[in-house]
Amino acid sequence: GGFTEEQEALVKTSWESMKQNVPELSLRFFSTILEIAPAAKGMFSFLKDSDEIPHNNPRLKAHAIKVFKMTCEAAIQLREKGEVVISENTLKNLGSVHLKKGVIDPHFEVVKEALLRTIKEAVGEQWSEEMEKAWSEAYDQLAAAIKAEMKEES
Ligand code: HEM
Ligand code: ISQ
């Protein structure tokens, strides 16, 4: 079935409440990725010169938040157009960055799991199965677009 207005609203309202706390959210998200897949450490330049996750790295924060924002955008487009549309330049850049860093398909499941866990923790009692499903669907469609571009470029 299509992406409903209700699903779009679940994503939008949870993101609105989460974005009040961007620094903590981005750190939790990133830490959770590395918790699930410690081997992913080597891919991120934020960790180049240290073993610890930097607590105030503006690039880490910006990129982490972009994943949330883009997933939220994807939800809006899924409801409006029935598909995720990303500008050609953005998609080409995302494809080449992830390809160059050595990202492969199973990594996308890791990031998805980390995203969902971070949201669950952040929204507390607001969390529901419907909310999880809405974020999952939006993320899956966004990930599919990036993966397709990576295959195109490889
Ligand atoms: C970089 C988004 C999935 C690992 C980035 C950037 C964005 C982004 C916006 C910054 C690009 C730039 O520098 O111009 C996303 C989105 C994803 C996704 C929206 C899924 C829907 C993944 C996955 C992995 C990953 C599955 C693997 C664990 C990385 C790495 C970088 C990166 C290693 C480079 C960071 C650095 O500067 O060192 N991603 N990403 N991403 N992403 Fe992702
Ligand atoms: C880049 N791509 C996917 C997930 C991320 C999480 C934190 C920082 C950067 C990221």
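Read the numbers this way: they start at 1 and go in the same order the structure lists the ligands and their atoms.
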- Are more than 12 heavy atoms from other residues, nucleotides or ligands located less than 6.0 Å from atom NZ of K19? yes
- What protein heavy atom is closest to atom 10 (C) of ligand 2, reported as residue, atom name and distance in Å? F44 CE2, 3.8 Å
- Message: Is it true that, when you exclude K120 itself, more than 12 heavy atoms of the residues, nucleotides or ligands shown sit nearer than 6.0 Å to its NZ?
- Response: no
- Among all protein non-hydrogen atoms, which one is nearest to atom 9 (C) of ligand 2, and what is the separation to 0.1 Å? H63 CB, 3.5 Å
- Note on the structure: Note: I33, heavy atoms under 4.0 Å from ligand 1, region reported as neither
- Query: Which heavy atom of A143 sits nearest a heavy atom of F108, and at what distance?
  - Reply: CB-CD2, 3.6 Å
- Environment of atom 43 (Fe) of ligand 1 in terms of protein N/O/S atoms, cut-off under 2.8 Å: H98 NE2
- Note on the structure: Quick look: H107 vs ligand 1, heavy-atom contacts under 4.0 Å, and the answer is both
- Would you check whether S45 has a nitrogen or oxygen atom less than 3.5 angstrom from a nitrogen or oxygen atom of ligand 1? yes
- Criterion side-chain contact (heavy atoms from CB on, under 4.5 Å) against M150, the qualifying member of V97, L99, I104, D105: L99
- So which of Q126, E5, E130 actually passes side-chain contact (heavy atoms from CB on, under 4.5 Å) with L10? E130
- Item | CD/E24: more than 12 non-hydrogen atoms of other groups inside 6.0 Å | no
- Item | Per-atom contacts, ligand 2 versus I33 - under 4.0 Å to a heavy atom | 4 (C), 6 (C)
- Message: For atom 3 (C) of ligand 2, what's the nearest protein heavy-atom neighbour? Residue, atom name and distance, please.
- Response: V67 CG2, 3.7 Å
- Task: Report yes or no: does a heavy atom of K112 sit under 4.0 Å from some atom of ligand 1?
- Result: no
- Query: Should we say atom CD of E132 is surrounded by more than 12 heavy atoms from elsewhere, each under 6.0 Å from it?
  - Reply: yes
- Task: Give yes if a backbone or side-chain nitrogen or oxygen of N93 is under 3.5 Å from a nitrogen or oxygen of ligand 1, and no if not.
- Result: yes
